[in-house]
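Here's the structure, in structure tokens; my notes come after.
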Amino acid sequence: MRLRQVSAPNFDLARTLDSGQVFHWEKGNAGFVGAIGGKAVFVEQRGGELFFTGASGKTIANYFSLDHPLAEICRSFPGDSAMTAAQDFCRGLRIIRQPRWECLATFITSSMKQVAHIRQISHTLRERYGEAQQVLSHEVHAYPSAERIAGLTEQELRKCALGYRAKNLLATARLVASGEANLEKWTGLPDEALRTRLCELPGVGAKVANCVMLFAYERLSAFPIDVWIERVLKQQYFPRKRKVTAQQLRAFCDRYFGKHGGYAQQYLFHHARKGGAAGKKGLAGC
DNA sequence: CTCCAGGGATGAT
DNA sequence: ATCATCCATGGA
């Protein structure tokens with residue numbers, strides 16, 4: 001199999017796929033095997049080039065947001081020490097453009113789960129209910145459509161280790177499949193209206209809504225606050241406050257991180273999770 | 001306001 | 001080998 005090639009300067013494929021925004025890519029053949037929408041894809045990075053097969057160069061470049069002006073985005077970040085360290089740690093990490101239903105469904109199943117569990121749930125749902133494809137002798141399953149999931153029972157979903165999330169995923173799948181919730185049409189909504197629509201879906205609260213806005217609707221100012229980010233924010237920006245409310249954090253983030261807050265959040269998140277010293281232990285005692 | 005639901009990887013003992 | 005911990009949403 002001959003691979004095709006696309007230029008990808010200022011991009012780090014492995015780091016991007018390991019940053020908790022997407023959960024189905026697996027290592028294989030010196031690169032990564034996964035799916036972009038319904039297409040099974042292999043992609044490998046060598047220096048500033050991506051070598052790939054299974055989709056067009058245009059699809060690859062669009063999925064990995066190779067057109068995002070990363071240097072300019074980083075220049076818009078605040079210059080504090082936490083942000084600078086995170087930025088340094090996350091070179092080449094990009095916010096990818098995910099299919100809307102796949103992203104929404106995945107983050108509904110992510111609630112109260114850690115990354116390893118989310119990967120497992122995604123894998124099981126794909127394997128049981130998604131269409132199989134081949135790439136370089138690897139079998140890859142597309143994420144099951146809303147229609148497919150809408151036709152399942154809560155019992156079947158529970159068997160995929162969804163627990164109480166099964167009910168929410170099923171209810172939301174049915175709203176999407178019936179057209180009552182039109183995810184594609186929502187691309188035209190302003191941020192606040194989009195967030196409101198998303199939060200009306202079962203299993204979607206503020207955190208999940210912001211993830212979907214950031215990863216599937218390219219709202220780069222959306223700033224999801226999970227426990228990791230909450231720890232970082234409290235430690236770095238409210239060091240001697242004993243009690244900081246969710247509202248205070250929210251107001252601070254919206255004001256402080258600017259129009260690319262979503263990127264700032266992703267960098268702080270990835271640095272906190274993978275950066276070692278700043279990980280759980282170091283922050284716990286504060 | 002508090003409490004709880006369901007579950008598997010992860011790290012401590 | 002056993003045990004506590006992690007964790008976002010929604011309903012009681």
Side-chain angles (χ1 to χ4, degrees), chain A residues 17-27 98 101-129 149 152-176 181 183 194-217 219 222-235 242-250 253 262 265-266 268-286:
Chain A
L17 293 180
D18 189 37
S19 66
Q21 39 178 332
V22 67
F23 303 95
H24 69 284
W25 291 87
E26 312 263 7
K27 285 191 173 133
Q98 298 186 42
W101 162 250
E102 176 180 320
C103 181
L104 170 63
T106 302
F107 278 93
I108 286 174
T109 64
S110 81
S111 93
M112 259 315 255
K113 288 281 186 196
Q114 285 159 295
V115 171
H117 309 151
I118 304 167
R119 292 186 68 92
Q120 190 145 323
I121 290 171
S122 166
H123 185 259
T124 306
L125 285 173
R126 285 171 182 273
E127 195 168 48
R128 293 191 186 171
Y129 303 115
I149 290 183
L152 300 174
T153 65
E154 188 182 326
Q155 255 55 352
E156 288 171 306
L157 288 174
R158 280 184 173 263
K159 284 185 194 140
C160 302
L162 267 72
Y164 64 86
R165 298 158 202 81
K167 191 176 182 153
N168 293 331
L169 181 62
L170 184 57
T172 293
R174 288 181 174 164
L175 288 172
V176 172
L183 301 185
L194 175 59
R195 185 175 288 113
T196 302
R197 289 282 86 76
L198 288 168
C199 286
E200 286 165 2
L201 298 170
V204 181
K207 192 269 180 182
V208 170
N210 278 318
C211 286
V212 175
M213 289 176 69
L214 180 58
F215 301 136
Y217 286 89
R219 306 302 168 103
F223 196 109
I225 299 178
D226 74 328
V227 291
W228 288 92
I229 285 298
E230 197 175 316
R231 281 186 211 124
V232 173
L233 293 175
K234 285 181 176 168
Q235 190 203 35
R242 211 166 51 80
K243 224 167 122 93
V244 186
T245 67
Q247 284 83 356
Q248 286 176 297
L249 279 183
R250 168 53 58 201
C253 292
Q265 178 274 350
Q266 194 63 21
L268 291 169
F269 176 82
H270 186 65
H271 186 221
R273 279 190 65 233
K274 299 283 176 170
K280 24 179 159 191
K281 281 264 174 65
L283 291 168
C286 299

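Here the structure is a predicted model, which is why all the values come from computation and not from measurement.
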Pull out every stem in DNA chain C, meaning runs of 3 or more consecutive Watson-Crick or G-U wobble pairs with both distances under 3.5 Å.
-> B:2-5 with C:9-12, B:7-13 with C:1-7
What's the CG-P distance between Asn210(A) and dA8(C), to the nearest Å?
-> 13 Å
Rounded distance (nearest 0.5 Å) linking atom CG of Leu233(A) with atom CD1 of Ile225(A) = 6.0 Å
Just how far is it from atom CD of Gln98(A) to atom OG1 of Thr106(A), taken to the nearest 0.5 Å?
-> 7.0 Å
NZ of Lys159(A) versus P of dG6(B): gap in Å, rounded?
-> 16 Å
Taking only the side-chain nitrogens and oxygens of Arg231(A), find out if one of them lies under 4.0 Å from OP1 or OP2 of dC7(C).
-> yes
Any Lys/Arg nitrogen of Arg197(A) or Glu200(A) sitting under 4.0 Å from an Asp/Glu carboxylate oxygen of the other?
-> yes
Asn168(A) or Lys113(A): which one's nearest nucleotide on DNA chain C is closer to the 5' end?
-> Lys113(A)
Identify whether any heavy atom of Val115(A) sits under 4.0 Å from a base atom; if not, whether one sits that close to sugar-phosphate; answer base, sugar-phosphate or nothing.
-> nothing
Can you tell me if the side-chain N/O atoms of Trp228(A) get under 4.0 Å from OP1 or OP2 in dC6(C)?
-> no
Given atom CD1 of Ile118(A) and atom P of dT10(B), what is their separation to the nearest angstrom?
-> 13 Å
5′-ward residue of the pair Ala116(A)/Ser111(A) relative to DNA chain B = Ser111(A)
Are any of Gln114(A)'s side-chain N or O atoms less than 4.0 Å away from OP1 or OP2 of dG8(B)?
-> no
Pairwise P distance, dA12(C) and dG6(B) [rounded to whole Å] = 14 Å
Distance, rounded to the nearest Å, where Leu162(A) contributes CG and dA5(B) contributes C1' | 14 Å
Which residues satisfy the side chain to side chain donor-acceptor pair (under 3.5 Å) test with Gln248(A), sequence neighbours excluded?
-> Thr245(A)
What integer distance in Å separates Tyr164(A):OH from dC3(B):P?
-> 17 Å
Could you state the atom-to-atom distance from NE2 of His117(A) to C1' of dT9(C) in whole Å?
-> 18 Å
Can you tell me the distance, in whole Å, between the CZ atom of Phe23(A) and the C1' atom of dA9(B)?
-> 15 Å
Pairwise distance CD(Glu230(A)) to CZ(Phe269(A)) - rounded to 0.5 angstrom = 13.0 Å
Set of residues satisfying salt bridge (Lys or Arg N to Asp or Glu O under 4.0 Å) with respect to Asp226(A), sequence neighbours excluded | none
For atom NZ of Lys207(A), is the number of surrounding heavy atoms from other residues, nucleotides or ligands below 6.0 Å larger than 12?
-> yes
Nucleotide dG11(C), atom P - distance to CE of Met112(A) in whole Å = 16 Å
